[in-house]
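Taking it in order: structure first as structure tokens, then the write-up.
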There are 2 protein chains.
Amino acid sequence: MEKADKKQKIFQAALSLFAHYGYRKTTVEDVADKVGMTKSNIYFYVKNKQELYEKSVSHALEKWRDTIAAEIETVSNAKEKFVIVSRRSFEYLNDHEDLRALLMKDHDIFTLSPSEDRFYEVNHGAMMMLKEVIRQGIDEGAFYPVDVDHVTEFLFSVYIMFLIKAYVKSDGSSSDRMFEEGLALIFRGLCKI
Amino acid sequence: MEKADKKQKIFQAALSLFAHYGYRKTTVEDVADKVGMTKSNIYFYVKNKQELYEKSVSHALEKWRDTIAAEIETVSNAKEKFVIVSRRSFEYLNDHEDLRALLMKDHDIFTLSPSEDRFYEVNHGAMMMLKEVIRQGIDEGAFYPVDVDHVTEFLFSVYIMFLIKAYVKSDGSSSDRMFEEGLALIFRGLCKI
DNA sequence: ATTTGAATAATTGATTCAAAAGTTCAAATA
DNA sequence: TATTTGAACTTTTGAATCAATTATTCAAAT
């Protein structure tokens with residue numbers, strides 16, 4: 001098996017354990033056992049436990065982002081792309097229990113403060129994806145000619161706020177309805193006609 | 001001096017100390033010293049330190065809410081009211097250093113989760129104020145006939161998100177511009193024409 | 001190039017204990 | 001009677017210790 005493939009296996013196993021037991025309760029040996037190797041061998045792939053955690057999470061977030069990026073390419077106009085980004089980002093999380101459980105364990109994976117974002121790179125990439133959709137919408141004349149940078153920053157913050165409300169601090173309440181109404185409001189504020 | 005007035009004095013002194021030193025580093029004796037009494041006498045006004053903290057914060061939040069509520073009454077139409085609520089809520093915080101410092105010390109005063117909101121009552125009151133403005137806007141035909149409850153919940157969450165970005169997790173970044181662009185977007189999504 | 005076992009280093013959790021802070025209350029004051 | 005106080009009492013905190021667990025390294029083996 002390729003080294004890269006084995007890394008994947010390790011990250012996947014680690015993510016599942018971290019999601020269920022949290023960072024502290026998960027030992028490096030637990031992870032090693034799950035992939036069938038000794039704990040010392042884990043250190044051949046990552047330099048320490050912290051890196052094991054961060055790379056596991058980054059890996060999962062990248063997969064998430066790349067899935068949405070691929071789905072965007074299936075349609076051509078900006079309005080449809082915007083709806084896909086908005087809706088599918090949430091649905092993906094619904095379908096991936098480990099990642100969802102992890103977000104609920106580690107509240108700070110999603111923060112409203114970029115400067116303390118441990119996963120800045122992948123989150124920034126997701127934001128750039130959204131920015132590109134908005135830019136395209138303006139170019140097509142479908143969106144109002146807004147300040148792209150600041151509107152993107154605003155919408156990304158709203159997106160994080162939704163994630164927190166829906167998965168991190170869920171009241172089991174009607175966040176679905178709030179999502180629909182909020183999206184409609186923003187869509188109306190963004191689209192001409 | 002009235003008992004109620006002395007309570008005010010105590011809450012004001014306590015808020016200032018809590019804001020500067022945090023809950024733990026502030027002792028009941030510190031508060032007593034600041035208002036010129038003995039710590040045992042503090043217990044004539046509140047039942048314990050926790051209540052001293054909560055009532056101090058509630059008191060400050062109520063003053064904040066009531067100030068905005070009074071300002072709203074100076075204009076008659078919903079659009080203007082909406083702008084006043086949006087803008088003045090932030091400006092008030094700029095003008096009140098103790099309260100601002102407190103929010104930065106105790107991150108959970110503003111939470112996106114109503115069920116774990118220790119100041120639910122006053123925050124809920126603020127949300128009702130916003131809801132009333134939206135309802136009025138719809139009645140006047142100025143706003144789209146949105147789902148009042150869920151749009152209010154959405155807008156209040158956006159408001160909390162802004163507070164967190166601007167004061168709790170401030171990067172010193174361009175949250176002003178983001179605020180302006182976000183407000184414009186939402187205003188356009190809310191108002192007819 | 002990858003894996004392992006064994007040794008070492010660092011962290012955690014339980015326990016103790018004295019000092020500091022929180023709380024109560026009977027007596028004093030106004 | 002409403003408010004305040006000093007002195008006791010109770011609870012919490014922080015530092016120190018120590019054993020057990022966990023993280024990390026590395027030379028030798030595959």
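Here the structure is a predicted model, which means the values were calculated and not measured. First the proteins, then the strands, lettered A, B, ... as listed; each starts at 1.
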Output the rounded distance in Å from [atom1] ([X]) to [atom2] ([N]).
| X | N | atom1 | atom2 | answer |
| --- | --- | --- | --- | --- |
| A/Tyr43 | C/dA9 | OH | P | 15 Å |
| A/Lys47 | D/dA23 | NZ | P | 16 Å |
| B/Leu52 | C/dA21 | CG | P | 16 Å |
| A/Met37 | D/dT30 | CE | P | 18 Å |
| A/Ile42 | D/dT22 | CD1 | P | 16 Å |
| B/Lys7 | D/dT3 | NZ | P | 10 Å |
| A/Lys25 | C/dT11 | NZ | C1' | 14 Å |
| A/Glu51 | D/dT24 | CD | C1' | 13 Å |

For this session: Looking at every strand, decide which applies to A/Ser40 at a 4.0 Å heavy-atom threshold: base, sugar-phosphate, or nothing.
Result: base

Is there a side-chain polar atom (N or O) of [X] under 4.0 Å from OP1 or OP2 of [N]?
| X | N | result |
| --- | --- | --- |
| B/Lys6 | D/dA2 | no |
| A/Tyr45 | C/dT3 | yes |
| A/Lys39 | C/dT4 | no |

Problem set entry | Selected nucleotide, minimal atom distance to B/Phe44 side chain, candidates D/dT25, D/dA2, C/dT24 | D/dA2

For this session: Between C/dT2, C/dT24, D/dT4, spot the one nearest the side chain of A/Asn41, thanks.
Result: C/dT2

Exercise. Among side-chain atoms of B/Tyr43 and B/Asn48, is any donor-acceptor pair under 3.5 angstrom?
Worked result: no

For this session: Please determine if B/Asp149 and B/Lys131 form a salt bridge, counting it only when a charged side-chain N lies under 4.0 Å from a carboxylate O.
Result: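 Looking at B/Lys131 together with B/Asp149, the answer is yes, because their closest N to O distance falls below 4.0 Å.
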
Problem set entry | Lys/Arg-Asp/Glu bridge criterion (N-O < 4.0 Å) met for B/Lys105, B/Asp98 | no

Exercise. Would you say the side chain of A/Phe82 lies within less than 4.5 Å of the side chain of A/Leu130, judging by non-hydrogen atoms?
Worked result: yes

Problem set entry | Toward the 5' end of DNA chain C, by each residue's nearest nucleotide, B/Val28 or A/Thr38 |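 In this pair, the answer is A/Thr38.
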
Exercise. Just by modelled atom types, is the B/Ala126 backbone N or O under 3.5 Å from a matching donor or acceptor in the B/Arg65 side chain?
Worked result: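 Such a contact is absent between B/Arg65 side chain and B/Ala126 backbone.
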
Exercise. For D/dG6, what is the paired nucleotide under Watson-Crick or G-U wobble rules, both distances under 3.5 Å?
Worked result: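 Base partner found: C/dC25.
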
